[in-house]
Every structure is written in C-alpha cells, then in structure tokens.
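Sharing a structure with you now.
We number each residue from 1, following the sequence as shown. We use all heavy atoms of the structure for the numbers below, so side chains are in, but hydrogens, waters and symmetry mates are not. Note that the coordinates shown come from a computational prediction; the quantities given were computed from them, not determined experimentally.
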Amino acid sequence: MSAVSDQSTPSTGSSGASYAAAGVDIEAGDRAVELMKEWVKKTQRPEVLGGLGGFAGLFDASALKNYERPLLASATDGVGTKVDIARRLGVYDTIGHDLVAMVMDDIVVCGAEPLFMTDYICVGKVHPERVAAIVKGIAEGCVLAGCALVGGETAEHPGLLGEDDFDVAGAGTGVVEADRLLGADRIRTGDSVIALAASGLHSNGYSLVRHVLLDRVGLSLDARVEEFGRTLGEELLEPTKIYSLDCLALTRTTDVHAFSHITGGGLAANLARVIPDTLHAIVDRSTWTPAPVFDLVGKTGQVERLELEKTLNMGVGMIAVVPEESTDVALATLADRGVEAWVAGEITERGDHTTGAELVGEYA
C-alpha cells in the first residue's frame, strides 16, 4: 500500500523545480502509511501473505482447493458525494466503513463470501492523520465484512483537488461455490420478500440530499434535529450497514434464493435486477415506516414520492428472497444477529402490465 503516487519526477538543483514545490509531499505520505499500519493489520485473514508496503497484495488461492468449482466475484464502488459531508464536518473515520459496505454488500448478493479488498484514496494534499482515519474506517468495515484489506493507494493531486478535498474508491473479491450461486433462476412464485432495515441514507442519493437540505434550504450540519435526536451532520454521516456476514448466515440456515442490495436507483429498480422475466415482486409499503430523514428530504425539498423512491433506499438496505416455508427461520436468524427485518412482500406471476418489482400501498 504505497503512500503517494504521481507521474512527475523531481528534478535536481536547489533552484530548480521539485516534487514538493509541485505540491506532492512524499514524507507526509510515508507518515500516513505508518499511521495506517495498525488498522490494516486488524483485517488480516490466514490466507494473506506479506505485509504493508508491497506493490501488490497477496492472497493464498490454495485456500480455494476445498471448493468443487469456485467462482470469483468482483465488485468496485465508491461512496459518492457523501465525502463532501465528511469533509465539511472534518470527520474522516466513518467514510471508509461506507466504502466497504458498498463493495462487499454487492459481492454477497450472489452468495459469495468476501475475501479481500483494496482501496484508492485521492486527496488534494496528504494530511497523514486524515488519511489514516479514512483507512481506519475501511479496516473496521473489512472486519465487519469478514474480508482482508490487502493493499491500496493514496494519490496526491495538487492543482486538481483543493487541499481539503478527497475521494475514495475500492474493489473487492469474493468466492462462491458454483452450485450455491444465488440469483433470478432460483426465485419461485410464492417466495417471501424479506426486507433488512437500513441504518439511514447509506451512501446513495447525496447529490439530491445536499441540494435540498444544504443548498436550497441552507440547513446547518451542526443544527440539532429533534426527529433525529442528534445533529443533521451526524445523521447524514451515519455509516452504511454492512450486511455481508448476516447474508452469509442466512445462506447457512435457509434456502435463500436471491439477495438485492438497495443502492442507487432505489428499492424497486434494484430488486427487479434479480427477478426473472416471468415473475413479479410486490413490496408493500405498509410493512414499515421510513426513518425521519427520508421525510425531511421529501417535505423540505417538495420531492415527489416516486422521485424519492428512485433515489433513496427509503429504509431498506438489503432484500432477501426466500421460500415461504423458510420465512420464520430467516427472520429468526436475522433477529439473533441483531438485524431488524420483516416480510415486506412476495413473488407472484408477472402480468401483462407489470414489471420486475413494484411498491404498493402507503407507508405505515
């Protein structure tokens, strides 16, 4: 995991140009690496070889010999404009948690066990403590997802980003036995649609949220909102729920047919991605009440419900589709793990005028 990258080469001579004069601080990058080492170490799995500082992360693939036909699952993502909230508040140790959730909760959708992850942190100026705080959040997220953080990159881009600007992205890999692969081909009529509660806005729709609450209305991130029981900034920075190990637990106790990670595009659009062409998922809004933050965005910005539902998760972060007879076991498994979940709908035959998934009824 190297500290700073750029394609420039510092020249020699005291009066000539230099890397530092161009805005790249190699020493600060090295300091950031030293600060992040202890957090990266906490994510290690037995299959990880080598330590921090190599050019590539190493993972012992012989661990996959126990699989009959191992399929590798890969995903990459970022956290979008939520980083702007972190920057404004000067809070850097939660955004990495969001990054892991966005990557690893995509990977587990097909039933894959998360194995390892790499990160990319781009900054206008390396502030070692800030970079280390971001990596701390990524490492803590990796522990919750059960994966190793095997490498990454911190890039300093002076002139392109302001000194306090930054962005994060990551890529992850998981593995699933071929005959345990989840997806649309497993779903049957009568299956239960189980909703797993979101921890908040997660990491999607922040362009709309920021536009409505900060730009149009001018709310302060430091303002206390009684409905939240905390400040607006604290609500908006609530880390994305990491469901990876909860979903894997479901696969061990029930015959899960499919998962759907509810991210950009909303509940109906993401659920439709795992529904076969001949079937239809009905989700009943009356089975839950969205958290106050969704109501605040909708009413403050006069955002129509359909637009909200196309942009935000509305309180559901993951969907599990299971056989009707497995519903009670699935709910019990999630309850034992402290995950709020409920039956939100069912799978039916698709009619002439229906699509993959739709929301019906009114929120409770």
Next on the checklist: Would you compute the distance between atom CG of D119 and atom OG1 of T154 and round it to the nearest 0.5 angstrom?
Outcome noted: 6.5 Å

Next on the checklist: To the closest 0.5 Å, what do you measure between CD1 (I121) and CD (E153)?
Outcome noted: 9.5 Å

Next on the checklist: Within this structure, what is the SG-CD1 distance for the pair C147 and I107, rounded to the nearest 0.5 Å?
Outcome noted: 8.0 Å

Checklist entry - Should D191 and R186 count as an ion pair when the cut-off is N to O under 4.0 Å? => result no

Item to check | T263 vs N313, side-chain hydrogen bond (donor to acceptor under 3.5 Å, both in side chains): CA-CA, chis, key distance, verdict | outcome: CA-CA 6 Å; T263 58; N313 66 57; over 6 Å; no

Next on the checklist: Quick one, D284 with E346, criterion side-chain contact (heavy atoms from CB on, under 4.5 Å). Give me CA distance, side-chain angles, the key distance, then yes/no.
Outcome noted: CA-CA 9 Å; D284 186 353; E346 64 176 339; over 6 Å; no

Next on the checklist: Do the side chains of R305 and E362 get close enough for a salt bridge, i.e. N-O under 4.0 angstrom?
Outcome noted: yes

Next on the checklist: So for atom CZ, which belongs to R180, do other residues, nucleotides or ligands contribute more than 12 heavy atoms lying within a distance under 6.0 Å?
Outcome noted: no

Checklist outcome for this item: OG1 (T94) and CD1 (I138) are apart, to the nearest 0.5 Å, by 11.5 Å

Checklist entry - In Å and rounded to the nearest 0.5 Å, what is the CD to CD1 distance from E358 to I275? => result 12.0 Å

Checklist entry - Roughly how far apart are L237 CG and L89 CG, rounded to 0.5 Å? => result 5.5 Å

Item to check | Mutual orientation of the aromatic rings belonging to Y363 and W288 [parallel < 30°, tilted 30-60°, perpendicular > 60°] | outcome: perpendicular

Checklist entry - Would D179 and R69 pass as an ion pair if we require N to O under 4.0 Å? => result no

Checklist entry - Does the pair R285 and E309 meet the rule for a salt bridge (charged side-chain N to carboxylate O under 4.0 Å, His left out), with working shown? => result CA-CA 11 Å; R285 296 185 185 95; E309 292 176 341; 2.7 Å; yes

Item to check | Within 6.0 Å of CZ in R87, more than 12 heavy atoms from elsewhere | outcome: yes

Item to check | Centroid-centroid distance, Y243 to F259, less than 6.0 Å | outcome: no

Next on the checklist: Do L161 and F166 have side chains that approach each other closer than 4.5 Å (heavy atoms only, starting at C-beta)?
Outcome noted: no

Item to check | Ion pair check, R230 and E238, cut-off under 4.0 Å | outcome: yes

Checklist entry - When you look at S326 and T254, which way does the side-chain hydrogen bond (donor to acceptor under 3.5 Å, both in side chains) test go after all the steps? => result CA-CA 6 Å; S326 298; T254 66; 5.6 Å; no

